[in-house]
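Everything below concerns the one structure shown next.
Positions are given from 1, in the same order as the sequence printed here. Every heavy atom of this structure was used, including side-chain atoms; hydrogens, water molecules and symmetry mates were not.
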Amino acid sequence: MNVPEPSNEHLSVLRKYFGHNQFRPMQWKIIHSILENKRDNCVIMATGYGKSLCYQYPAVFCDGLSIVISPLISLMQDQVFSLNMSNISACFLGSAQLSKTKSMDDIISGKCRILYVTPEWCTSESGNEILNQIKGVRKVTLIAIDEAHCVSQWGHDFRNSYRHLSILRKIFNTIPILALTATATSQVRIDICKSLQLNNPLITCTSFDRPNLYFSVSLKSGKTEDLFKDFQKILVRKELSYKFSGATIIYCQTKKKTEDVANILKENGIMCAAYHAGLSLKRRKEIHEQFVKDELLVIVATVAFGMGIDKSDVRCVIHYGVPKEIESYYQEVGRAGRDGLPATCYIFYSYADFATNNYFIENISNKKFQEHRKRMLKYLQKYLETRNCRRQLLLSYFDDSNTFIEKVPTPNCCDNCTKFIKLGKQKFDQPELNLTEDVKLLLKAIDVFQGRFGMSVPIKFLRGCQDCKIPKEKLSHELFGFGKDTSEVAWKALGRLCLRDGLLEESSCSSSHMGKKFPMSTVHLTSAGKQYIKIGKKCGVELTPTEEVEILFKKKKKLDVTFTAQDHHKIDFWKEKLEKYRNDNKHIQKEKEKQANLYFILKKLRDDLAFNDNVPHNMVATDQMCYSIAINVPSDRIKLAEIDGFTEARLEKYGDIFIQKITEFFGKKTEPFDDNVLKDPLYQTNETIADILKVDLKKIKFKDEFNNELMVCSVPNTNTIKFCNDDDNADGDKEEELFRNIPLEKIENCYKLSNLMPDKNVFKIETKNLVLNSTVANSNNKNENPKSFASLEFSQVKPKRKFLYDDELEEMEDDSKRITSSSWCIKSDNTKKFKNKIKSQYLAGL
Ligand SMILES: Nc1ncnc2c1ncn2[C@@H]1O[C@H](COP(=O)(O)OP(=O)(O)OP(=O)(O)O)[C@@H](O)[C@H]1O
């Protein structure tokens with residue numbers, strides 16, 4: 001469809017009322033089709049893309065009225081409030097609303113531009129009557145149905161009243177209907193169009209991708225008492241306490257779990273509140289408001305919390321427990337980072353959590369729907385267990401043909417990508433682990449019991465355990481005890497894999513004990529499972545082992561990083577890059593510090609203004625707006641108006657105050673710099689050290705004094721590197737971090753010291769108080785071992801000075817002994833050699 005560019009008139013309305021300079025590409029296409037062609041639309045747009053503008057703008061532009069069906073009163077209240085702040089008259093009608101007369105007056109008189117109603121109200125008799133009345137007196141521009149996936153039983157949030165919204169087509173038969181949602185599969189899309197009786201709708205589907213979200217999944221550490229351990233992995237330590245890096249929603253499966261988690265967080269000094277349907281409406285409202293106004297940063301909630309939250313700066317969404325299924329999971333994480341800034345989505349789960357999900361699914365009476373939910377849950381399990389890119393798996397669920405994602409590990413994407421990048425791998429490869437015979441054995445054992453039991457009895461049988469449930473005659477079966485060398489846990493994990501990949505199937509039934517019935521499930525082979533026993537992988541099922549299965553069935557292979565001698569000449573290349581980065585970084589860093597200061601001052605000003613006016617802070621300015629101001633430093637109102645989001649109303653109310661603050665900031669020369677600002681996600685550059693050093697650092701072999709190989713890794717999402725010892729010792733695979741968190745900015749110098757030792761390639765990384773030396777055997781020297789090696793020494797030095805005196809060297813030596821005593825580094829009996837070495841290197845480095 002050829003869409004003409006928006007006219008100046010269009011853009012000036014956009015600027016004046018919405019504060020934006022341009023439409024986003026899909027927005028204009030949709031708005032144009034409504035304004036010019038009066039066409040129905042079905043819109044699937046990722047969270048945070050800007051759906052609201054599509055239904056708000058048309059009515060504002062042509063002085064008409066948009067009627068918006070929205071599922072939640074709290075959401076409507078927020079939106080009405082926000083529109084009125086931008087001088088767009090809006091109201092809502094519904095049972096919870098106090099002053100109906102005022103709203104009706106605004107509607108009838110033609111003042112109101114956007115009217116919000118609930119689907120229940122719309123389909124009620126009185127609602128119908130009022131809608132007919134409105135139709136008689138107002139020019140209705142469009143009917144918008146928000147969260148349209150609720151129409152469909154194939155969606156994750158089916159709501160019965162949505163199913164009856166076709167009544168709107170009858171009342172407003174010539175008015176365009178716009179159905180909008182953030183998550184819909186093609187099946188749901190078809191259902192939406194059919195159920196709402198859309199007429200030749202224009203279907204728009206943006207990418208579902210949310211590039212600013214980082215995905216991560218881990219197994220829970222263990223018992224409830226240990227749950228803080230899981231959170232510690234993601235909390236930021238501040239002096240003696242911990243905190244989350246920004247507004248955080250923690251989802252739990254049950255009310256009880258929200259209370260447990262909230263209590264443990266509180267015990268550890270983290271302010272938070274539990275939120276669930278068991279609380280009074282008043283209390284829930286209170287928590288909601290506190291969260292939106294940033295008075296409370298952490299909410300531990302059941303999925304009851306979220307749909308109505310109009311908070312764009314949620315930095316972290318955590319699922320503590322298995323999410324409901326894949327679609328609602330994506331909807332829930334979509335609440336993070338709607339301001340476009342980096343945000344993280346974590347899941348901590350255990351296999352036991354699935355019992356809760358299964359319990360809810362078993363209680364669904366409609367069989368077809370129940371099957372559908374089971375499929376969605378299975379997909380979620382795939383997501384949890386995948387070894388490939390999680391983002392890609394999520395997007396492929398929604399059949400996202402708009403986004404082409406290469407099947408290669410990508411930085412800032414998910415934990416799996418990061419893991420592969422860390423290992424220097426260019427693509428995802430699966431572990432070489434042949435499980436065919438183990439799988440066959442397990443399937444055969446399960447088949448022995450012909451679907452009469454769950455997984456435990458066949459596994460006990462396989463392991464040769466005497467269990468009262470195993471019928472006597474089976475004790476002499478040829479498979480009895482055949483799998484005793486593999487642990488029960490391992491067999492169970494393999495069983496789960498077979499269930500996931502369709503070789504096995506569960507059926508639910510109930511067992512009775514002492515007159516009481518208990519739900520239980522039995523397991524049996526599918527036809528694919530039967531085939532697998534006969535022909536293995538050839539039946540078309542290629543089991544990809546989960547990390548758990550891999551660990552249990554095979555001791556992890558030692559990380560094998562190979563280097564060639566030629567790789568070492570790349571040190572120069574690396575050095576150049578690092579120096580360039582350092583030079584660029586010097587002024588960038590200064591600039592950043594200044595911007596960061598201004599940004600925090602503006603945020604504080606914004607919060608104060610919001611507090612005085614008793615409005616959520618985003619009504620004054622969003623984080624993104626404060627950030628843009630800090631970068632662009634507008635010096636007057638005209639320039640401030642160019643900042644995206646500064647509507648005319650905002651400018652009128654707060655413009656001068658912001659300008660005054662900026663002038664003040666530059667008037668004063670010295671503002672103390674707050675160290676914490678660099679921890680703000682805004683100030684972490686996207687370029688990780690892996691991007692900068694990827695090729696080269698990893699190709700140098702580092703060894704500690706015991707000749708153990710060290711790995712150089714970047715710390716995910718940071719500009720830091722660490723040296724690890726891949727210590728494949730008897731008690732498991734342990735990666736010991738020997739030295740970590742060397743921020744790139746802190747690297748002050750990098751030298752190649754070959755002038756000093758012509759037969760060697762030596763380079764040195766110097767930070768303020770550390771020197772890292774690598775000695776690489778010269779590959780050209782035939783007398784040397786052709787296999788290149790490097791040794792790494794860490795020593796502490798004084799701040800850079802022109803000359804060093806002997807007593808200072810003594811001091812340095814002591815420092816180095818101290819480091820030595822922490823187990824690795826320069827040997828203390830070699831002090832003389834060390835003294836000379838460090839002296840020469842130190843001087844060479846000046
Ligand atoms: N044309 C635009 N230019 C710049 N920013 C825009 C534009 N349109 C919308 N935005 C901003 O994008 C953000 C998200 O908009 P909106 O809340 O409408 O998204 P949404 O698609 O409805 O998200 P959700 O599904 O999470 O409700 C808002 O901060 C909004 O101001």
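Between the side chains of Asn412 and Tyr214, no donor-acceptor pair is found at a separation under 3.5 Å. Residues Gln331 and Ser328 have side chains that never bring a donor and an acceptor to within less than 3.5 angstrom of each other. When only modelled atom types and interatomic distance are considered, Thr183 and Tyr329 share no side-chain donor-acceptor pair under 3.5 Å. Checking Tyr397 against Glu327 by side-chain atom types alone, a donor-acceptor pair falls below 3.5 Å. Counting only N and O atoms by type, the side chains of Gln22 and Asp644 include no donor and acceptor under 3.5 Å apart. Defined by atom type and a distance below 3.5 Å, a donor-acceptor pair is present between the side-chain atoms of Gln79 and Tyr116. With no hydrogens or angles considered, no side-chain donor-acceptor pair links His276 and Thr302 at under 3.5 Å.
Counting heavy atoms of neighbouring residues, nucleotides and ligands inside a 6.0 Å radius, atom NZ of Lys194 does not exceed 12 of them. Counting heavy atoms of neighbouring residues, nucleotides and ligands inside a 6.0 Å radius, atom NZ of Lys382 does not exceed 12 of them.
In this structure a side-chain-to-backbone donor-acceptor pair under 3.5 Å is missing from Ser7 to Glu5. Of the possible donor and acceptor atoms, none in the side chain of Ser86 sits under 3.5 Å from a partner among the backbone N and O of Ile88. Side-chain N or O atoms of Lys51 include one that pairs as donor or acceptor with a backbone N or O of Met45 at under 3.5 Å. Of the possible polar contacts, none joining the Arg500 side chain to the Gln381 backbone as a donor-acceptor pair under 3.5 Å is found. Without hydrogens or angle criteria, Thr248 side chain to Gly246 main chain gives a donor-acceptor distance under 3.5 Å. With hydrogens and angles ignored, the 3.5 Å screen pairs a side-chain donor or acceptor of Arg15 with a backbone N or O of Phe646.
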| field | Worked verdict on Phe61 versus Tyr17 for ring pair (Phe, Tyr, Trp, His ring centres under 6.0 Å) | value | CA-CA 10 Å; Phe61 182 77; Tyr17 290 100; over 10 Å; no

| request: Could you walk me through whether Tyr349 and His319 pass ring pair (Phe, Tyr, Trp, His ring centres under 6.0 Å), step by step? | output: CA-CA 8 Å; Tyr349 79 105; His319 283 79; over 10 Å; no

| request: Give the intermediate values and the outcome of side-chain contact (heavy atoms from CB on, under 4.5 Å) for residues Leu198 and Cys42. | output: CA-CA 8 Å; Leu198 301 189; Cys42 177; 4.2 Å; yes

| task | Go through the steps to decide whether Arg24 and Lys29 satisfy the test side-chain contact (heavy atoms from CB on, under 4.5 Å), and finish with yes or no. | result | CA-CA 9 Å; Arg24 288 178 176 157; Lys29 185 183 115 186; over 6 Å; no

| field | side-chain contact (heavy atoms from CB on, under 4.5 Å) between Ile250 and Ile299, worked out | value | CA-CA 6 Å; Ile250 303 170; Ile299 304 274; over 6 Å; no

| Candidate pair Leu11 and Phe23, rule side-chain contact (heavy atoms from CB on, under 4.5 Å), full reasoning | CA-CA 8 Å; Leu11 292 175; Phe23 292 101; 4.1 Å; yes

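The shortest distance between side-chain heavy atoms of Ile34 and Tyr57 does not fall below 4.5 Å. Side-chain atoms of Arg650 and Met625, non-hydrogen and from C-beta on, do get closer than 4.5 Å to each other. Annotation: side chain of Gln56 is not in contact with side chain of Ser66 (no heavy-atom distance under 4.5 Å). Within the 4.5 Å cutoff, the side chain of Ser216 has no heavy atoms near those of the Cys345 side chain. Within the 4.5 Å cutoff, no side-chain heavy atoms of Tyr599 are placed close to those of Ile629. A heavy-atom distance below 4.5 Å is not found between the side chains of Phe215 and Asp415. Contact annotation: the side chain of Ile249 never approaches that of Ile318 to less than 4.5 Å [non-hydrogen atoms, C-beta and beyond].
The distance from atom CD1 of Ile361 to atom CE of Met376, rounded to the nearest 0.5 Å, is 8.0 Å. Within the model, atoms NZ of Lys324 and CG of Leu380 stand 12.0 Å from one another, a figure rounded to the nearest 0.5 Å. One distance of note links SG of Cys316 with CD1 of Ile234; it measures 5.0 Å at 0.5 Å rounding. Between the OH atom of Tyr49 and the OG1 atom of Thr206 there is a distance of 6.0 Å, given to the nearest 0.5 Å. The CG atom of Asn632 sits 8.5 Å away from the CD atom of Glu642 when rounded to the nearest 0.5 Å. Here the straight-line distance linking atom CD1 of Ile31 with atom OG of Ser33 works out to 9.5 Å at 0.5 Å rounding.
Considering all non-hydrogen atoms of both residues, Ser82 and Met619 come closest at CB-CE, 3.3 Å. Here the shortest heavy-atom pairing between Leu53 and Pro58 reads O-CD, 3.9 Å. The nearest pair of heavy atoms linking Leu196 to Ile177 is O-CD1, 4.4 Å. Between Asn618 and Thr622, the shortest heavy-atom contact is OD1-CA, 3.6 Å. Residues Arg390 and Cys414 share a closest heavy-atom pair of N-SG, 3.4 Å. In this structure, Val151 and Ser195 approach most closely via the heavy-atom pair CG1-OG, 3.2 Å.
Taking the charged nitrogens against the carboxylate oxygens, Asp313 and Arg338 have no contact shorter than 4.0 Å, which rules out a salt bridge. Comment: Asp191 engages Arg163 in a salt bridge, judged by a side-chain N to carboxylate O separation of less than 4.0 angstrom. A salt bridge links Arg387 with Glu550: the distance from a Lys NZ or Arg NE/NH1/NH2 to an Asp or Glu carboxylate oxygen falls below 4.0 Å. Between Lys603 and Asp623 there is a salt bridge, with a side-chain nitrogen of the basic residue lying less than 4.0 Å from a carboxylate oxygen of the acidic one.
Just one residue in the list Phe208, Tyr383, Phe398 forms a ring pair (Phe, Tyr, Trp, His ring centres under 6.0 Å) with Tyr330, and that residue is Phe398. Looking at Leu394, Asn416, Val217 one by one, the single match for side chain to side chain contact (heavy atoms under 4.5 Å, CB included) with Thr386 turns out to be Asn416.
A ring-centre distance under 6.0 Å is found for Phe428 and Phe420.
A perpendicular orientation is assigned to the rings of Phe231 and Phe244, their planes being inclined by more than 60° (bins at 30° and 60°).
Take Asn212 and apply the side chain to side chain donor-acceptor pair (under 3.5 Å) test, not counting sequence neighbours, and it matches no residue.
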